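A quick note: this is a predicted structure, and the numbers were derived from the prediction, not measured.
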Amino acid sequence: MASRPNKIRPIRRPVMNKDKAEFEPCWELLKGALTDIHNKNATDLSFENLYRASYKIVLFRKGHLLYEHVKSFEEAWFRNHVLPAVNSLVSGNLINVALQNSPGTSAHERRETGERFLRGIRNCWDDHNTSMNMVADILMYMERVYVTEAKLPSIFATTIGLFRDYLLRSYVGVSDHALDEPLVIFDLVNAVILDLINMERDGDIIDRNLVRQITAMLESLYETDEELENAKLYLTDFEPRFLEASRTFYQNECEKLLRDGNASTWLRHTQRRLREEQERCDTTLSILTTEKIANVVEQELIVAHLNDFLAMEGSGVRSMIDNDRHEDLSILYQLIARVDKTKAALQASLQTRVMELGLEIENTIKNTDFSAPAVAAGADAEVAAEGGDKAKAQLLNPAAQATAAAIKWVEDVLQLQDKFDKLSSICFSNDLGLQAAVTKSFTEFINMFNRSSEFVSLFIDDSLKRGIRGRSEEDIEAVLQKAIMLLRYLTDRDLFERYYQKHLGRRLLHNKSEMHVEKELVRRMRAELGNHFTLKFEGMFKDIELSKDLAENYRDHVRNLGEGTRIELGIQVLTTNNWPPEILGRQAVTKDGESPPECNWPADIRRLQDSFYNYYQRDRSGRVLTWLATTGTADVKCTFPKIPGKESGPLSKERRYEINVSTYGMVVLELFNDLAEGESLTAEEIQAKTNIPMPDLLRTLASLSLPVKSRVLLKEPQSKNVKPTDRFAFNASFVSKTIKIKAPVVNSTSRVEDPQERKETEKKNEETRAYVIDAALVRIMKQRKELSHVQLTNEVITQLAGRFQPEIPLIKKRIEDLITREYLERVEGDTAAYRYLA
Amino acid sequence: MAEDTENKYLTLVSNDGFEFVVLAEAALVSPTIKGMLRSPFVEAQTNRCTFPEISGVVLEKVVDYFHYWYRNRDKENVPDMEIPAEMCLELLMAANYFNLEPGPGQAW
């Protein structure tokens, strides 16, 4: 019902000269009623009667008189009836509470005094409020007609405001206290509430309802009778004092917590305080204050000394992370998230800790690298293994230990990663900012460790080799995920690629892993790092697959020809570019500048090779096949004669064994076929006959003469390592429990490189990088024609980011090189810019 | 329950002794009556409001209006109420007394 401006006017009565006579009786009636209302005797009054009285006064145009009379009546009422009652509540104790100089009084006493006072105030207020509502109802007509017209504050606002002016703001009439500043009732009310709240903070139980009633009163009173929304007494007077007092309280509390020096306590305490203050606003004060007081607590308990608490010895962030105190960290996260959207402090702490723990892993590995674990494992081996095995264990120890250390490094890194992943999901609700920061720190420390690429590849090698067979899908999945995750951290991906190629090559050639798992891993690498990264690996897979078909077809071919041969050939044709040079034996090429001498193959083998080559050439003319003896294996069927004089036991019969040896091993064993019984050969003689490079030969001889299980050659003198001068003879009395024997191939396990090899690898990697940078430079310049030095450098870095981080000096060097080779030239007059020369 | 039924209706009494029992909800359209029943005065206790300066004829029309308003409170395009011309002045005064405001689409 939209009100319209055209109000109905009171009808002017023609006879208006008995003003006084008209007003007085009506006012007398009302006055009596007001007194009755205040005295709670209103039940006998007729509303209609009173309403009509005020209606008439207004009709007689005496509204202003009525307004003033009511106002002064209420003022008088306050002075004569309410104030004395309130003043009687004000005791010396109370003032002491308000001035906070009551050292003698107990909290209990203070609470009693304070609550009695508040109760008195509340009762006054309740009465006044009810009365004023009733009065306003009776005076409804005056309100609507006169007050609106005269633009006065409503009669309710005026009379309710009296409570503020005549009660809250009246001076405390206690003369025996020399007060520095005049004290009003309101000050007492505030002080008592604050005192009560502090008592509650200290664990006392207070009358919350009472306090709530008082604050509700302050919320319905305003600074002025205009009743502006933001001028509630609660907001203008009480709240600032409350916030100030709380600030002081929490400052003190924070200092106490700092002195206690336990971050865990601090966290819980702060969390509890925040909850308490929230609850206090809900139940005791007003929800208007909720945010402001939370802010005070946050500032004083969290922000003010955050770093002090984080750094606390034995309970700070460091200890929380190290001891997986998830609850503490969760609280910490929640608290910090309240005060800082970026959580910078927490982020910094996490990063520092990741770095520290990461470097710790590295140090542990370094300090225990060869010595400590070698001794421990050596001792184990001695206890567990018997005689000959002991020799083998010690022979393999240094390399194996280094590999173990590498794998331990990766496992530790993974464990650390797992730890922080857990923290992220349990404590930090997977906060993206924190995750990114932690990842950054991981990347940093992993790449600070210069062998990480090799170690990661070794770890993958180890995981894939070690019994992927028989492991569940989930386990394999976990391995794959870990591998990709580690890969993500590496910045020198080209170096990793190099190592991985090498390790993968070994695994494939020795059939050490499951093809589908390998392929899946490479597929994921491609998804993660792009096509060019996995190109070679895929080529390797293809070679292996093609070779399988090739070998089968060749077998069919041979069978069809009817060329009976005693030797079965399993062949792997490797495309030169896809496979690591170490496997292809090209390492020697770079060293000596010429191809490694091919060994002298036994006649049977050479025939087989020729036969295969002819077959191979039928479809693919013009290709060259190089036979690599270093990577293959052969199953050799050996017959050991019956030993004369032995009538029982295994030696009394002729024994046939199938021995799996390296290709070189086979070549060596063939030699002994032609040897008469009792004759022997020195290693040097064998070398001369076979043309096998000496280091390879010694390794091969070691595998055939040292371990008990595959000792088909007898060495003279018997010692634990092989020298070129040692003599070897056929071990005619060799016995084995199994028919199939595997001579340990020293070469086949991937292990950590020694410093020499590492240098070699790194050098090669650097060379490759130079080419890659050259290519990138030319590619960019060809497209851009002209570019400044800085722009060019930046482009190169962005282009190559996926593979490695090129060093600035190297880029500079390559640019110089390209200038001398006349791919680029400097722009005249601008030395810091280049131009592409077509 | 008894109280509920009791409070559902209230009795309005005119100066010439006519009593009108009206639906309380309808009568509450008048702030005057609302105030009467809100505070702990005699009217609220007895559910009976006496108007010593309003005649039965006028009060009847006022009660008519209360119900007219109540029936049409949620409707639009409500037809005007029939007001006999000779009662206009008295009804105007009564409306003023009852603090009634013009309904939607109605002018005083």
Side-chain angles (χ1 to χ4, degrees), chain A residues 1-13 26 29-30 32-34 36-59 63 126-127 129-149 154-156, chain B residues 10-15 19-20 27-54 59 62 65-66 68-70 72-76 78 88-108:
Chain A
M1 290 186 201
S3 63
R4 292 174 162 245
N6 47 346
K7 290 262 159 63
I8 185 163
R9 310 258 160 197
I11 294 157
R12 274 167 213 276
R13 305 221 162 177
C26 290
L29 181 71
L30 285 171
L34 290 179
D36 284 345
I37 288 174
H38 278 297
N39 289 331
K40 299 178 190 156
N41 276 335
T43 43
D44 291 339
L45 299 173
S46 157
F47 179 90
E48 200 278 338
N49 205 9
L50 302 171
Y51 173 80
R52 195 147 39 81
S54 70
Y55 168 76
K56 279 193 176 152
I57 293 174
V58 176
L59 283 188
D126 279 352
D127 291 349
N129 195 25
T130 318
S131 305
M132 289 314 107
N133 271 307
M134 287 165 79
V135 169
D137 275 347
I138 296 171
L139 301 179
M140 191 187 297
Y141 192 80
M142 177 189 83
E143 182 73 32
R144 191 168 74 89
V145 177
Y146 166 71
V147 176
T148 347
E149 206 174 69
S154 76
I155 189 73
F156 181 77
Chain B
L10 66 126
T11 311
L12 308 182
V13 185
S14 72
N15 62 352
E19 296 194 3
F20 302 88
L28 287 180
V29 67
S30 157
T32 310
I33 291 184
K34 208 173 180 174
M36 236 173 243
L37 299 176
R38 183 165 55 204
S39 306
F41 294 104
V42 171
E43 285 87 347
Q45 295 162 45
T46 56
N47 251 343
R48 195 179 162 88
C49 309
T50 313
F51 301 102
E53 298 201 356
I54 299 178
L59 193 56
V62 169
Y65 173 76
F66 288 166
Y68 162 83
W69 171 84
Y70 184 73
N72 298 316
R73 65 193 182 287
D74 297 326
K75 295 181 194 155
E76 285 180 38
V78 179
C88 268
L89 187 65
E90 276 173 299
L91 279 177
L92 264 175
M93 287 186 56
N96 185 29
Y97 171 86
F98 281 107
N99 278 316
L100 295 174
E101 287 185 36
Q106 289 178 332
W108 285 96

Notebook entry, point to check: So do B:N96 and A:R144 actually touch side chain to side chain, heavy atoms under 4.5 Å?
Noted result: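 They are in side-chain contact.
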
Check: Got B:P52 and A:R52 here, is their nearest side-chain heavy-atom distance under 4.5 Å?
Finding: yes

Item checked: Ring centre gap for A:Y141 and B:Y97 strictly below 6.0 Å -> no

Item checked: Top of B:C49, B:G35, B:A44 for chain A proximity - count of heavy-atom pairs under 4.5 angstrom -> B:G35

Checklist line | Those residues that, when tested against A:Y146, pass ring-ring contact (aromatic ring centres under 6.0 Å, His included) (two or more places apart) | finding: none

Any chance you could measure [X], atom [atom1], to [Y], atom [atom2], to the nearest 0.5 Å?
{"X": "B:T32", "Y": "A:I138", "atom1": "OG1", "atom2": "CD1", "answer": "12.5 Å"}
{"X": "A:K56", "Y": "B:E53", "atom1": "NZ", "atom2": "CD", "answer": "3.5 Å"}
{"X": "A:Y55", "Y": "B:M93", "atom1": "OH", "atom2": "CE", "answer": "4.5 Å"}

Next item on the list: Check side-chain contact (heavy atoms from CB on, under 4.5 Å) between A:D127 and all other residues, then give those that pass, not counting sequence neighbours.
Entry: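 Residues passing side-chain contact (heavy atoms from CB on, under 4.5 Å) with A:D127: A:K40.
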
Next item on the list: Kindly say whether A:E48 contributes a backbone atom to a donor-acceptor pair with the side chain of B:E43 at under 3.5 angstrom?
Entry: yes

Check: Which heavy atom of B:F41 sits nearest a heavy atom of A:L50, and at what distance?
Finding: CE2-CD1, 3.9 Å

